[in-house]
2 protein chains.
Amino acid sequence: METPVTVATATTTETLALTIQQVAQQTGLSIDTLRYYERIGLLESVGRNSGGHRRYTAHDLDWIKLLLRLRDTGMPRAQMVRFAQLRRQGDATLTERRLMLEDHQRALEQRLEQLHQHMAALQQKIARLKAREAEHG
Amino acid sequence: METPVTVATATTTETLALTIQQVAQQTGLSIDTLRYYERIGLLESVGRNSGGHRRYTAHDLDWIKLLLRLRDTGMPRAQMVRFAQLRRQGDATLTERRLMLEDHQRALEQRLEQLHQHMAALQQKIARLKAREAEHG
DNA sequence: ATAAAACCTGGAGTTCACTCCAGGTCAAGG
DNA sequence: CCTTGACCTGGAGTGAACTCCAGGTTTTAT
């Protein structure tokens, strides 16, 4: 009645069941953060073993990795929660999810442009400082 | 005994003295945020008129604009405070300031690369969703 | 002169994104 | 069996970056 998996060695079934510690190591998130994400609805429905301990599937891991990308590219938390909800609803929401990602992609493109502008301005600023250094002695 | 400047029209002197409201409009920061930046040392030494009201110079405005760039490109607050301090110390710190900016520039370059990778991954994810949409009907 | 608008200071409140803690329960090795 | 380490829940605490008062002064337009 318990998945007989010890430390990431899926012996019998193919549905590997990682402990929270293992997921923390693989994602770079802390254990507390993983639990926190679950609390706020970014990561619902993580399964438990008979003792109530979390067991993460490969599917969970995939989702976490996408989540991190979205977070790192500045997607607002509310949107990520929304996306998580859609994902739980299955294939019927495929299109809506794609549209969300495309929106986000456009936002990211704008952000990239802005950052490139900042980069150019920094370059100029550095050049001007250099000039002043030279004439200053 | 008071600069006779009304609404950005520097009549006599060339040292224009903007009110906090005018600076807020020109920078997009809120009045509260401008005062907050002063409190935490990002924006020290803003002059006051005889009544104690802030009067911003063109120099202040330039600094705020650089500050916003640094903030928008993710420079840590402590570094920005440090940079502000150096700036106040005058030309002797020109080289140190340039080195700071060059460091920051390298950090920004890495960030840009990372974002480009995220962008590529997003693209792939979108493509995969599209494929699933298609086969789903 | 005076009312309304803008400004001041000091400090409290908010949101976000975690992080830590207390007081237990569960799992694995000897 | 027993100890030690990993995990659990619910809730409190943290730090960054603002944002919003309260209560009082200054500026500006009429």
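Follow the hydrophobic side-chain contacts under 4.5 Å out from B:Leu99 and you never reach A:Ile126; the two are in separate clusters.
Across the protein-nucleic acid pair, A:Tyr36 atom OH and D:dA12 atom P stand 16 Å apart, rounded to whole Å. Going from atom OH of A:Tyr37 over to atom C1' of C:dC18 covers 8 Å, rounded to whole Å.
Between B:Thr33 and D:dA17 there is no side-chain polar atom (N or O) within less than 4.0 angstrom of OP1 or OP2. Listed pair A:Ser50 / C:dC26 fails the phosphate criterion, with no side-chain N or O lying under 4.0 Å from OP1 or OP2. The phosphate of C:dA27 has OP1 or OP2 within less than 4.0 Å of a side-chain N or O from A:Asn49.
Taking 4.5 Å as the limit, every side-chain heavy atom of A:Leu29 sits out of range of all side-chain heavy atoms of A:Val23. Within the 4.5 Å cutoff, no side-chain heavy atoms of A:Arg97 are placed close to those of A:Gln89.
A salt bridge (Lys or Arg N to Asp or Glu O under 4.0 Å) check over residues 110-131 of chain A, counting only residues at least two apart or in different chains, returns the pairs A:Lys130-B:Glu102.
Here the shortest heavy-atom pairing between B:Leu86 and B:Thr93 reads O-OG1, 2.8 Å. Contact between A:Gln26 and A:Lys65 at its shortest, heavy atoms only, is O-CE, 4.5 Å. Of all the heavy atoms in A:Leu42 and A:Ala84, the pair that sits closest is O-CB, 3.8 Å.
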Contact pattern, 5' to 3', of nucleotides 7-13 of chain C - B, S or - by protein heavy atom under 4.0 Å: SSB-B--
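Contacts between residues 56-82 of chain A and DNA chain C, counted as heavy-atom distances below 4.0 Å, involve A:Arg71, A:Arg77.
Side-chain atoms of A:His104 and A:Arg69 form no donor-acceptor pair, as typed in the model, at a separation below 3.5 Å.
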